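Single-structure report; data block below.
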Amino acid sequence: MATKEEKERLAKELQDTARPLFSAIGLDEKVIESALKNIKFTQALVDVIKEAGVTEGCPKAKGNLLYTTASKHPANALVHRPMLLEAILAEKVKTTTQLDGAFEYLKKVGGEPTDAAAFEEAAGVGVVVTPEQISAAVADAIASKKEQLLEDRYHFNTNLLLAPVTKALKWADGAAVRAELSSQVEALLGPKTEADLAPPEKKKKPKAEKPKPAAKEEQAAAAAAAAAPEEGAAGTADDPYAFMPKPEDNNQVHTTVNFSDGSVMRIANSPAVLAQHMQRTGGKVVTRFPPEPNGYLHIGHAKAMFVDFGMAVQYGGVCYLRYDDTNPEAEKQEYIDHIAEIVSWMGWSPWKVTYASQYFAQLHAYAVQLIKAGKAFVCHQSKAEIEESREQGLPSPWRERSIEENLRLFEDMRRGLYKEGEATLRMKMDHKNENPNMWDSVAYRIKYVQHPMAGDEWCIYPSYDFTHCLCDAIEDITHSLCTLEFESRRASYYWLLDVLDTYKPVVWEYSRLNITNTVLSKRKLNRLVTEDHVHGWDDPRLLTLAGLRRRGVAPASINAFCREIGITRNANVIPYHKLEHHVRLHLDVNSPRTLAVLRPLKVVLTNVPEQHSSTVQGATLPGRPESQAYDLPFSRVVYIEASDFRLQDSKDYYGLAPGKSAMLRYAYPITVTGYSTAADGSISEWYAYPITVTGYSTAADGSISEVAAEADLYAYPITVTGYSTAADGSISEVAAEADLSFVAGGGKKPPKGVLNWVAQPAPGQDPERAEVRLYDVLFKSEAPDALDDSWLEDLIAVRLYDVLFKSEAPDALGDAWLEDLNPDSLQVVQGAMVNPHLAATAKAFDRFQFERLGYFSVDPDSKPGQLVFNRTVTLKDSFKK
């Protein structure tokens, strides 16, 4: 795929070529400047000028008609454009009215043969409109509006008089009609007076009654309706496919192929071929999702699924899941099974599941047909020889073999009489073409490899270039949708379908999905997996769909993300946080809430009896009618986040500190009364109620060794009452008191801080432990692909090596991108604590919100008594804007 700089250079070259041509046909400078801004139109007008043979110039009147032809000629009838240009230059077609008549006729004919007499009749060729006819028609028009004309005089809009004249005299010269109209109006009204020259008075419009002010609810609804796009409008969220052509319009020219000898091929469905296709499909939209089963799908494939399956769903059509299994060396049943599973998980239902391999016999028959048409030949060049001849624009020495010899040699290939690499079947396209995809691409190569579906039935396999377009035609695909890397392959795609005289789908390319801080090429993903930079294809740090599923991402949020970024041809890079935004939105609505503690700090509620055991009720979806209650054990010992206790309080801190209270979520206020420290200096335990710190003591070295606090046993806020420290001065335990008298809404004001917590389920019994895996972006930089020769990825992505009959892509991609791996992309937290309800009910892939901590999913590594959770996403966006 050409770089941005390359495209800009080519556009500049085209503009430099076009400017003198446009001047030569008499276009005004402003028109020229406007035309040059549109590169596609510039190319079309250059083609028209060259096709008409007027590169040295022509009269301005003819130049204007050529300009209109480049702009408005029916796309389904471009094959007849030379005939129209000849009529313009011969002055048979002299006006835009005649040109419009010609366009209307050609649009109906399409690519079918034209009738010269019918064309000339439709374009008004040879029709003479006399001055007497014009004069009579103008007089009739003036008579019909005479009263109003006399009243308004020269302020009257005379264009209203032109319409009936041009309707009655379709082929009349426009300039002659306007001159006659001006003459007759002046004869009726006489010379202009001062009043005629003055601006007309503005007529006052009657005041409309002011509507009564609407209620606020009605105003809000009206504003929302006004702001919302119309249903089905192009480019709107409700129909992102509205710009696509309808199946019944699929007789436009799909592409124009310019050959090195100057000839042009304009490829479109004939009306008969389109009618047969419409009969077979019932006029439905038919799309396909065609993955190659040589790896795991990633989020880029999710966008492709959204485009392919989504368009079919939008219009009540159907979508195939077609495996492009033409390279048996790279394909495995493992990948086939994975693709089917992921397509289903993403919520899509294929109309049919097909394989390119099931069409091998039909494809072989097409190859024989191609040879018989003189459009394919058996070649014995080596890879190096092909590369050299392509660079020099030279043909294969076997290009001109006879049809009979090629048929015999191709049959020898099929029978296994050649070794791998000794012979290929190549398409006889245009080895000197400016498009490398037309350089006699390979159609078949020899591979003595067992095929996952076809077994050992074949030893010759069709290339992607040969297979893909023919499978689209066989399956009556209406819209063949792919990424922009394939744009340059349009010529070879349609060339083959045209030569074989098959139905031709609409091809439309959209931009690849690129996301910051990650890589999406299969080759790079494969290196990450095989070189153990990550833990398999479903590592949650990868944007493979298996990885996203394991991380806890819902398919609905991926589809919502694909819908928002849209289906455009603009190459861009999507910020990672935009994906996280959709993930977070879905999880916020659908994930049950629960309590857990990642890095536990022990709190002893000193005013709660040692054998105390009770429950409080949590809520799965607080504040929502569908919320369900669940039991949370409450006992003398509870655990909170270590970060929720500190020795120095501050105004913006709402956790616990000596003498400060905080609320246990769903339970009581507690106040710290003391704490103790662990051997490593961290706070390991403290004492509380709904608690308040009442005191603490220090060790010989001055470190705090104990804290005292009181708990409000009826309210369950807690206040620190004390703490103690380990030998190194770190806090290992906190004492607090719980306000067990606290009742929500009972008049007593609760503390501002609310803590997540987990209690011992029974006196002396520790809560269930869990492993928690916290993920960050896999790469430090936003564009790791830019750190190496990423241009090679585009060649690999479109399998350009098929043209050179290679089965594997080049190896040298560089390692700079690997040096950008984020060493902190995974942090494993051991010893997290979960409440008994979560421990008893959690199953693999279940999603939860750990209140105050984020959204988490149960990892399939979990075992009874050994839960593992993956953090899907934080509660809030942490990316720098």
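Quick caveat, the model's predicted, so the values are computed rather than measured.
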Under a 4.0 Å N-O cut-off, is there an ion pair linking Arg550 with Asp861?
yes
Under 3.5 Å, is there a donor-acceptor pair between the side chain of Lys303 and the main chain of Ser511?
yes
Is Arg593 salt-bridged to Asp588, cutoff N-O under 4.0 Å?
yes
Heavy-atom pair with the smallest gap, counting every atom of Val507 and Tyr494
N-OH, 3.0 Å
Quiz item: cation-pi between Arg549 and Phe845, 6.0 Å / 45°:
yes
Quick one: closest heavy-atom pair of His451 and Ser357, and the distance?
CE1-CB, 3.5 Å
Within this structure, what is the NE2-OH distance for the pair His364 and Tyr444, rounded to the nearest 0.5 Å?
6.5 Å
Let me see the working for Gln358 and Tyr323 under side-chain hydrogen bond (donor to acceptor under 3.5 Å, both in side chains), right down to the final yes or no.
CA-CA 10 Å; Gln358 76 187 57; Tyr323 293 97; over 6 Å; no
Looking only at heavy atoms, the pair that brings Val519 and Pro784 closest together is CG1-CG, 4.0 Å
Main-chain N/O of Glu485 paired with Glu509 side-chain donor or acceptor, under 3.5 Å:
no
Check the pair Glu641 / Leu598 against side-chain contact (heavy atoms from CB on, under 4.5 Å), numbers first and verdict last.
CA-CA 7 Å; Glu641 292 292 335; Leu598 299 190; 3.8 Å; yes
How far apart are the C-alpha atoms of Arg288 and Ser480, what are their side-chain angles, what is the distance that settles it, and do they pass the side-chain hydrogen bond (donor to acceptor under 3.5 Å, both in side chains) test?
CA-CA 7 Å; Arg288 84 288 176 272; Ser480 181; 3.1 Å; yes
Parallel, tilted or perpendicular for Phe869 and Phe850, by the 30°/60° rule?
perpendicular
side-chain hydrogen bond (donor to acceptor under 3.5 Å, both in side chains) between Arg541 and His533, intermediate numbers included:
CA-CA 11 Å; Arg541 290 169 291 179; His533 298 290; over 6 Å; no
Do the side chain of Tyr448 and the main chain of Gly416 share a donor and acceptor less than 3.5 angstrom apart?
yes
Name the orientation class of the two ring planes belonging to His301 and Phe289 (parallel below 30°, tilted from 30 to 60°, perpendicular beyond 60°).
perpendicular
Considering all heavy atoms, the nearest Asp824-Asp776 contact:
O-CB, 3.7 Å
To the closest 0.5 Å, what do you measure between CD (Gln849) and CG (Asn590)?
12.0 Å
Checking Asn570 against Asn572 for the side-chain hydrogen bond (donor to acceptor under 3.5 Å, both in side chains) test, could you report, in this order, the C-alpha distance in whole Å, the side-chain angles of both residues, the deciding distance, and whether it holds?
CA-CA 6 Å; Asn570 299 324; Asn572 53 15; over 6 Å; no
Might you work through the ring-ring contact (aromatic ring centres under 6.0 Å, His included) test for Phe486 and Tyr493, ending with a clear yes or no?
CA-CA 10 Å; Phe486 295 86; Tyr493 180 104; over 10 Å; no
Restricting to ring pair (Phe, Tyr, Trp, His ring centres under 6.0 Å), what partner residues turn up for Tyr366, sequence neighbours left out?
none
